[in-house]
Amino acid sequence: MTKTAIEDFARHLHEKNFLLSDSNINFSSVAETSPERTLRKLWEATDLSANGFADEVAQFYGLKRLTLPQLVAASALTERFSPRFLRETAIFPFEAQKGRFKLAVADPSDAASVRAAEIVLGGPVELEVASFEDITTVLGERLGGEEAAAPDAGANSARSDDDIESLRDLASGAPVVRAVNDLLEKAMELRASDIHIEPFRSGLTVRMRVDGLLRATPAPLDALPQALISRIKILAGLNIAERRLPQDGAARQKVARTEIDIRVATMPTQHGESAVIRLLPRDRGLLDIAKLGFSPADEAVISRLLALPHGLIVVTGPTGSGKTTTLATLLSILNEPSRKILTIEDPVEYEIQGVNQSQVKPSIGLNFATAMRSFLRQDPDVIMVGEVRDSETAGIAIHAALTGHLVLTTLHTETAAAAVPRLLDLGVEGFLLKSTLRAVVAQRLVRILCDRCKKKRVLSAADFDADPRYQAIGLEPGDSVWEPKGCERCGGIGYRGRAGVFEVLELNGATRELVGAHSDAHEIDSAARRAGMTTMIEDAVAKCRTGFTSVAEVLRVTTVR
């Protein structure tokens with residue numbers, strides 16, 4: 001595209017108010033810029049999608065507009081051209097009826113590319129307009145096998161570098177940047193904890209985890225899946241050229257005037273790379289024990305345990321049950337100038353002022369066990385280790401609790417009592433565990449009923465006939481419970497937010513005597529219940545009766561014993 005043509009087309013876009021107000025591209029000083037790159041810069045300076053921009057190009061030059069399905073169905077002539085030439089010029093040659101040659105172009109004024117195509121094809125060509133992204137997509141499908149079959153390894157490497165640069169340019173373009181920003185803003189609006197971006201044969205699928213459950217969200221229409229994933233990789237500082245191995249990264253991003261931390265994990269799949277973005281708002285004011293959902297009795301037990309000078313406190317539950325939030329809240333309670341607190345986490349999700357927090361880095365040998373050994377030389381009062389995963393970490397944690405430190409950690413067990421045999425299975429001696437283990441907190445997360453639309457209902461005998469678990473969790477016909485309805489505030493779901501249901505097993509008296517080399521979780525659980533422990537199901541049902549959550553949520557997250 002010539003300099004004059006660029007200025008004319010830019011003026012056309014300006015008159016239609018498509019140029020961004022903050023665009024600072026000087027279109028009158030592009031003398032030595034390649035045509036395709038210049039037109040791409042012009043596109044990035046607009047608020048148009050790839051297809052919308054191509055519509056304007058076709059209208060301005062009075063040419064026919066081609067869609068992606070039409071390009072895919074065309075009889076391609078790509079084998080007559082260099083793949084590098086086609087990618088750099090953004091043209092797609094194909095044969096029409098009666099032997100006519102056509103070019104799908106993103107820039108119809110690139111006379112040099114059109115003339116080169118005419119020389120190769122041996123005759124005149126007709127021009128039709130397609131978007132940059134559609135041409136990139138169809139070239140990727142048509143040229144993939146050709147490039148793989150090329151015998152020259154050096155040429156393959158050069159083409160691969162060119163492809164990566166093209167993908168980097170596309171990922172930095174305004175449409176893709178806007179698509180990623182829109183996804184992040186939508187996630188913040190829905191209060192989502194994760195964004196799942198998954199490629200399938202039928203196209204890209206986007207889902208967001210809201211209050212623990214995945215919810216489908218419309219995928220961006222103006223961004224290629226590869227470009228979208230590449231943009232996310234660029235944000236997280238990952239290698240966009242590596243598509244065969246999983247990668248993990250993190251970044252700090254400003255979304256809708258709110259600063260958030262994001263964690264990104266990519267995974268190669270059959271139809272491309274999938275990505276999961278974990279959203280961690282930096283202004284989360286959740287570190288308040290009253291917001292966790294402890295009953296008054298359990299909160300009193302927790303407060304008493306945190307006053308102990310040493311010992312081991314374990315929080316258990318499956319992945320996504322809120323263990324990290326509970327630990328961070330307990331640390332915030334312990335966080336006083338008189339205490340030195342050290343943590344080793346994977347990763348650091350809550351930043352707590354005054355607490356020395358470290359993150360594991362397996363690539364350099366920094367894991368939970370090595371960090372714990374170093375912690376003991378740092379004169380700490382409180383140590384938090386993100387998870388006890390192996391016998392080495394378990395042994396060091398027990399040793400730290402035995403030598404005058406308060407140690408907080410997590411385990412993956414179903415109940416509080418199951419933590420005892422699990423620690424024994426990891427190699428902890430029974431007599432040491434009996435001396436150090438102070439309490440185990442087991443938890444799950446239930447969704448909170450929306451205050452604006454929840455409705456009250458009296459259980460009938462038919463409910464118990466339909467689901468016998470109603471009786472198993474302690475409900476009876478005639479009991480009043482609350483159910484979700486759905487309104488504008490909760491997005492029609494009936495729930496808004498989550499809180500925990502807990503059981504706090506304090507090791508004392510009869511329960512402590514049961515801790516030994518052959519401890520049985522069932523016996524410990526029974527002894528704790530006789531001593532007054534409230535189980536998770538009992539805690540959940542109590543919350544259900546008060547309208548805090550629903551019976552369906554109780555049955556979803558708890559197991560009837």
Side-chain angles (χ1 to χ4, degrees), residues 34 36-37 40-41 43-44 50 78 81-90 92 106 132-181 183-184 195-201 203-206 219-220 222-253 262-278 347 361-364:
S34 64
E36 187 268 340
R37 297 294 186 198
R40 187 181 297 279
K41 287 182 179 179
W43 169 33
E44 293 170 2
T78 52
F81 294 81
S82 159
R84 183 174 183 178
F85 169 78
L86 295 177
R87 293 184 188 278
E88 288 186 349
T89 57
F92 176 68
F132 281 111
E133 293 186 354
D134 288 350
I135 292 176
T136 300
T137 299
V138 74
L139 288 177
E141 292 182 0
R142 301 286 183 169
L143 301 178
E146 297 173 24
E147 291 186 288
D152 188 347
N156 277 341
S157 177
R159 277 196 290 271
S160 176
D161 292 342
D162 291 338
D163 291 345
I164 294 303
E165 285 306 312
S166 298
L167 193 58
R168 191 185 300 276
D169 290 342
L170 191 60
S172 301
V176 177
V177 172
R178 276 198 302 272
V180 173
N181 289 342
L183 281 178
L184 293 174
I195 305 173
H196 293 247
I197 302 172
E198 303 156 323
F200 295 101
R201 184 182 296 276
L204 197 67
T205 297
V206 177
D222 301 330
L224 283 173
Q226 274 193 338
L228 198 69
I229 296 296
S230 295
R231 175 62 186 171
I232 293 167
K233 284 182 170 183
I234 289 170
L235 284 179
L238 303 180
N239 180 8
I240 68 170
E242 179 56 75
R243 304 171 192 168
R244 302 165 301 169
L245 296 173
Q247 296 187 70
D248 296 292
R252 185 165 295 173
Q253 191 78 358
I262 63 173
R263 293 205 329 262
V264 174
T266 65
M267 172 67 68
T269 67
Q270 186 176 0
H271 300 290
E273 284 183 289
S274 68
V276 177
I277 306 173
R278 170 65 61 87
K361 296 178 182 176
S363 59
I364 60 172

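Please read all numbers here as calculations on a predicted model, not as lab measurements.
For Glu273 (side chain) and Ile229 (main-chain N/O), no donor-acceptor pair under 3.5 Å exists by modelled atom type. When atom types are taken as modelled, the side chain of Gln226 and the backbone of Leu228 share no donor-acceptor pair closer than 3.5 angstrom.
Residues Asn181 and Gln253 approach most closely at OD1-NE2, 4.0 Å, considering heavy atoms. The nearest pair of heavy atoms linking Pro246 to Pro268 is N-CD, 3.8 Å. Between Ile240 and Ser230, the closest heavy-atom pair is CG2-O, 3.7 Å. Nearest heavy-atom pair across Ala179 and Pro220 is CB-CB, 3.8 Å.
Inter-residue side-chain proximity for Leu235 and Val264 is flagged as unmet; no heavy-atom pair is nearer than 4.5 Å. At least one side-chain heavy atom of Asn239 sits under 4.5 Å from a side-chain heavy atom of Gln247. Side-chain atoms of Val176 and Glu133, non-hydrogen and from C-beta on, do get closer than 4.5 Å to each other.
To the nearest 0.5 Å, the span separating CG on Leu245 from CE on Met267 amounts to 10.0 Å. For the atom pair Arg252 CZ and Ile262 CD1, the distance stands at 11.5 Å (nearest 0.5 Å). With values rounded to the nearest 0.5 angstrom, Phe92 atom CZ is found 9.0 Å from Ile135 atom CD1. With rounding to the nearest 0.5 angstrom, the CD atom of Glu198 is 8.5 Å from the CG atom of Leu204. If you take CG on Asp248 and CZ on Arg278, they are separated by 12.0 Å, rounding to the nearest 0.5 Å. Note that the OG1 atom of Thr136 and the CG atom of Leu86 stand 11.5 Å from one another [nearest 0.5 Å].
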Next item on the list: For side chain to side chain contact (heavy atoms under 4.5 Å, CB included), just list the numbers for Ile195 and Leu184, CA-CA rounded to whole Å, side-chain angles, deciding distance to a tenth of an Å, and then say yes or no.
Entry: CA-CA 8 Å; Ile195 305 173; Leu184 293 174; 3.9 Å; yes
